Amino acid sequence: MTQTQFPPLDPADWPESLADMRGGFADRLNVYRVMAHHPELLLAWKNFRNHVVGAKALGSEHCEVVILRTAHRLGAAYEWAHHIVRGRRAGLDDARIRQLGGPADEMSGADAVLVRAVDELVDHSQLDAETQKQLVDLVGVAGMFDVIATVGHYMVLGFIVKSFDTATDSDIAGELTQHPFPQ
């Protein structure tokens, strides 16, 4: 790993404006501890993050499919590793997770619809009319908007972790050491 001028900040070193975020989601994950270099951004991020992480219109399984595909498309190893663990907790098995990093045309059912949506957003910054219809049929209108928001959210996080070579958090690394993801 290369040295970065923006390493994760220890929450004890955060400015007073972030005091309410100590002990919460932000001080447990390196990506947010890196984002703490810009306290106003981290504060603004909080509500958006809470919505995306709890996107009830998608449900945890569909949400993890979207996040894993986004992480794969960005080559964001930090997000991929974290969401292998979260995906397993949401009920995805390793074969399905591995497939999310493969060709879209080899997928079927809900995963195919969700992966096509992620790929369209990453490649073209929009969903075509057929994908919109399929998403609405699968997850409803709110779910379709949550797919767009989730991809956008994780693209920003992917940009951060890749730009600053953010290390996978130790608990996730430990989990993947105990329960390796087959390559």
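None of the values given here were measured: they were computed from a predicted structure.
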Are Val161 and Val122 co-members of a hydrophobic cluster defined by side-chain heavy atoms under 4.5 Å apart?
no

Minimum side-chain heavy-atom gap Met35-Ile160 below 4.5 Å:
yes

If you take all heavy atoms of Ala110 and His62, which pair is closest and at what distance?
CB-CE1, 3.6 Å

Is there a path from Phe159 to Leu42 through hydrophobic residues (I, L, V, M, F, W, Y) whose side chains come within less than 4.5 Å of each other?
no

Near-ring test Phe164/His37, centroid separation under 6.0 angstrom
no

If you define the side chain from C-beta out and look only at heavy atoms, does anything of Leu18 sit under 4.5 Å from Arg22?
no

Determine whether a donor-acceptor pair (N or O, by modelled atom type, separation under 3.5 Å) exists between the side chain of Lys162 and the backbone of Leu74.
yes

Looking at CG of Leu138 and NZ of Lys133, how far apart are the two atoms once the value is rounded to the nearest 0.5 Å?
11.5 Å

Any side-chain to backbone donor/acceptor pair from Gln99 onto Glu106? Under 3.5 Å, distance only.
yes

N/O donor-acceptor pair under 3.5 Å between Glu120 side chain and Asp128 backbone:
yes

Kindly work out whether a path of hydrophobic side-chain contacts (I/L/V/M/F/W/Y, heavy atoms less than 4.5 Å apart) joins Val139 to Tyr154.
no

According to a 4.5 Å side-chain heavy-atom criterion applied to Ile, Leu, Val, Met, Phe, Trp and Tyr, with indirect links allowed, do Ile97 and Val151 form part of one hydrophobic cluster?
yes

Checking the side chain of Arg86 only, and the main-chain atoms of Ala81 only, is there a donor and an acceptor separated by less than 3.5 Å?
no

Salt bridge present between Asp123 and Arg73 (N-O < 4.0 angstrom)
yes

Assigning hydrophobic clusters by single linkage (Ile, Leu, Val, Met, Phe, Trp, Tyr; side-chain heavy-atom cutoff under 4.5 Å), is Phe48 placed with Ile148?
no

Closest non-hydrogen contact found for Pro39 with Ser17 is CB-OG, 3.7 Å

For residues Ala117 and Leu127, report the shortest heavy-atom separation together with the two atoms involved.
O-CD2, 3.6 Å

How many angstroms lie between CG in Asp105 and CZ in Arg116, if you round to the nearest 0.5 Å?
10.5 Å

Would one find more than 12 heavy atoms of other residues, nucleotides or ligands at under 6.0 Å from atom CG of Asp20?
no

Under 4.0 Å between a side-chain nitrogen and a carboxylate oxygen: does that hold for Arg28 and Asp169?
no

For a 4.5 angstrom cut-off between non-hydrogen side-chain atoms, does Asp165 reach Phe6?
no

Does the pair Arg69/Glu64 count as a salt bridge with the N-to-O cut at 4.0 Å?
no

Kindly compute the distance separating CE (Met21) from CH2 (Trp45), expressed to the nearest 0.5 Å.
11.5 Å

For Val85 and Arg89: C-alpha separation, side-chain torsions, deciding distance, then whether side-chain contact (heavy atoms from CB on, under 4.5 Å) applies.
CA-CA 6 Å; Val85 172; Arg89 290 179 188 153; 3.4 Å; yes

Of the non-hydrogen atoms in Asp27 and Arg33, which two are nearest, and what is the gap between them?
O-CD, 3.3 Å

Between Thr150 and Asp146, is there a donor-acceptor pair closer than 3.5 Å when you use the side chain of the first and the backbone of the second?
yes

Do side-chain atoms of Asn30 reach the backbone of Pro8 as a donor and acceptor pair under 3.5 angstrom?
no

Minimum side-chain heavy-atom gap His153-Ile67 below 4.5 Å
no

Indicate the atoms forming the closest heavy-atom contact of Val31 with Tyr78, along with that distance.
N-OH, 3.2 Å

Quick test of your reading of the model: are Arg98 and Asp94 salt-bridged, counting only N-O distances below 4.0 Å?
no

Met107 backbone acceptor or donor facing Asp111 side chain under 3.5 Å
no

Short question: side chain of Trp14, backbone of Leu9 - any donor-acceptor pair under 3.5 Å?
yes

If you draw a 6.0 Å radius around CZ in Phe181, do more than 12 non-hydrogen atoms from other residues or ligands fall strictly inside?
yes

Any chance you could measure Leu114, atom CG, to Leu135, atom CG, to the nearest 0.5 Å?
6.5 Å

Can you check whether Val113's main-chain N or O pairs, donor with acceptor, with Gln134's side chain at less than 3.5 Å?
no

Begin with the C-alpha distance, continue with both residues' side-chain angles, and end with the deciding distance and a verdict on side-chain contact (heavy atoms from CB on, under 4.5 Å) for Leu92 and Leu100.
CA-CA 10 Å; Leu92 281 66; Leu100 294 171; 3.9 Å; yes

The reported gap from SG in Cys63 to NE2 in His83 (rounded to nearest 0.5 angstrom) is 8.0 Å

Between the CZ atom in Arg49 and the CG atom in Leu29, the distance rounded to the nearest 0.5 Å is 7.5 Å

Please lay out, stage by stage, how Val65 and Arg96 fare under the test side-chain contact (heavy atoms from CB on, under 4.5 Å).
CA-CA 9 Å; Val65 168; Arg96 185 171 174 199; 3.8 Å; yes

